[in-house]
Amino acid sequence: MKYDYLFFINSIMLGVGLAMDAFSVSIANGLKENNMKKSRMSFMAGIYAFFQFFMPMVGWFLVHSIAEYFKKFQPLIPWIALILLLYIGGKMIIEGIKEKKEADKEEAESKEDIEPSVTKIAFSTLIIQGIATAIDALSVGFTTAKYDALMAFVSSMIIAVVTFIICFIGLGIGKKAGNHLKDKAAFIGGTILIAIGIEIFLKGIL
């Protein structure tokens, strides 16, 4: 294999395809945490980019070491993604409902239009999101099996860069929408996460 234009085009296209779930999650997070700064956006996008780099490399390693066992593990991937995203999405919806009730209570007590507070998304939640949206990238190991270790690394880095850019854009879109939706943002964001989990699951089993 060589570093020709097809190698880079294939890696970029892989990055775009793999980043779509993370892009949707980024929009949901932007809705939820619509006051985040660019440094926070870069941090979130960086987490998703890391896992989109890490998972293909793990997949490549597994294909070159324990391919038979890895094939047996593959059917579990959609189930893992579904469970993780159902958990996170449900949690986000519940938190949104609680925040709405608290905001309504404060508004009733003060008789003033109080804007609901924005809860910061926990680091542990971001990690779970990163794993859930990137776990299907393990299968990329079969796609890059013909690469040597360095080429697999370069391809994974390209995927990570593409993911970072796409997720940063998604966070920006979510932020703008969140500023308009306000108290409905958490519910919409949680619903998006659940929908992504179901989409990954159905795509994986059909």
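Each residue takes its place number in the sequence, starting with 1.
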Is it the case that one hydrophobic cluster holds both F8 and I166, taking links as side-chain heavy atoms less than 4.5 Å apart, direct or via other members?
yes

side-chain contact (heavy atoms from CB on, under 4.5 Å) assessment of L86 paired with F201
CA-CA 11 Å; L86 283 179; F201 175 73; over 6 Å; no

Picking from I80, L84, I47, L126, what satisfies side chain to side chain contact (heavy atoms under 4.5 Å, CB included) with I131?
L84

Looking at S155 and M151, would you say the former's side chain and the latter's main chain have a donor-acceptor pair under 3.5 Å?
no

Roughly how far apart are M13 CE and I158 CD1, rounded to 0.5 Å?
13.0 Å

Yes or no on side-chain contact (heavy atoms from CB on, under 4.5 Å) for T125 and K91, after CA distance, side-chain angles and deciding distance?
CA-CA 10 Å; T125 298; K91 184 179 177 184; 4.2 Å; yes

F50 vs F53 aromatic rings, parallel, tilted or perpendicular, using cut-offs 30° and 60°?
tilted

Do F164 and S42 have side-chain heavy atoms sitting under 4.5 Å apart?
yes

Quick one: CG on N34 to NZ on K176, what's the gap to the nearest 0.5 Å?
13.0 Å

Hydrophobic clustering (ILVMFWY, side-chain heavy atoms < 4.5 Å, transitive) - are W79 and L202 grouped together?
yes

Between the side chain of Q129 and the main-chain N/O of V25, is any donor-acceptor distance below 3.5 Å?
no

So which atom in F168 and which in K38 form the shortest heavy-atom distance, rounded to 0.1 Å?
CE1-O, 3.9 Å

Among the clusters formed by ILVMFWY side chains lying less than 4.5 Å apart, do Y5 and L150 turn up in the same one?
no

Same apolar cluster: I135 and I127, side chain cutoff 4.5 Å
yes

Around atom CE of M20, are there more than 12 heavy atoms of other residues, nucleotides or ligands at under 6.0 Å?
yes

Between Y48 and A22, which heavy-atom pair has the shortest distance, and what is it?
CB-CB, 4.2 Å

So CE of M41 and OG of S26: to nearest 0.5 Å the spacing works out to 9.0 Å

Gap separating the CG atom of L138 from the CE atom of M57, nearest 0.5 angstrom
12.0 Å

Please examine the side chains of I198 and L82, heavy atoms only from C-beta on, and report whether any two atoms are closer than 4.5 Å.
yes

Taking all heavy atoms of G15 and all of V162, pick out the closest pair and write down the distance.
C-CG1, 3.6 Å

Shortest non-hydrogen contact from I121 toward R40:
O-NH2, 2.7 Å

Hey, quick one: are I83 and Y87 part of the same hydrophobic cluster, counting side-chain heavy atoms closer than 4.5 Å, chains of contacts allowed?
no

Please say which of F61, F7, W60 ends up in a ring-ring contact (aromatic ring centres under 6.0 Å, His included) with Y147.
F7

Distance-minimising heavy-atom pair for Q52 and A137
OE1-CB, 3.6 Å

Looking at every non-hydrogen atom in both residues, tell me the closest pair between M36 and N29 and how far apart they are.
CE-O, 3.8 Å

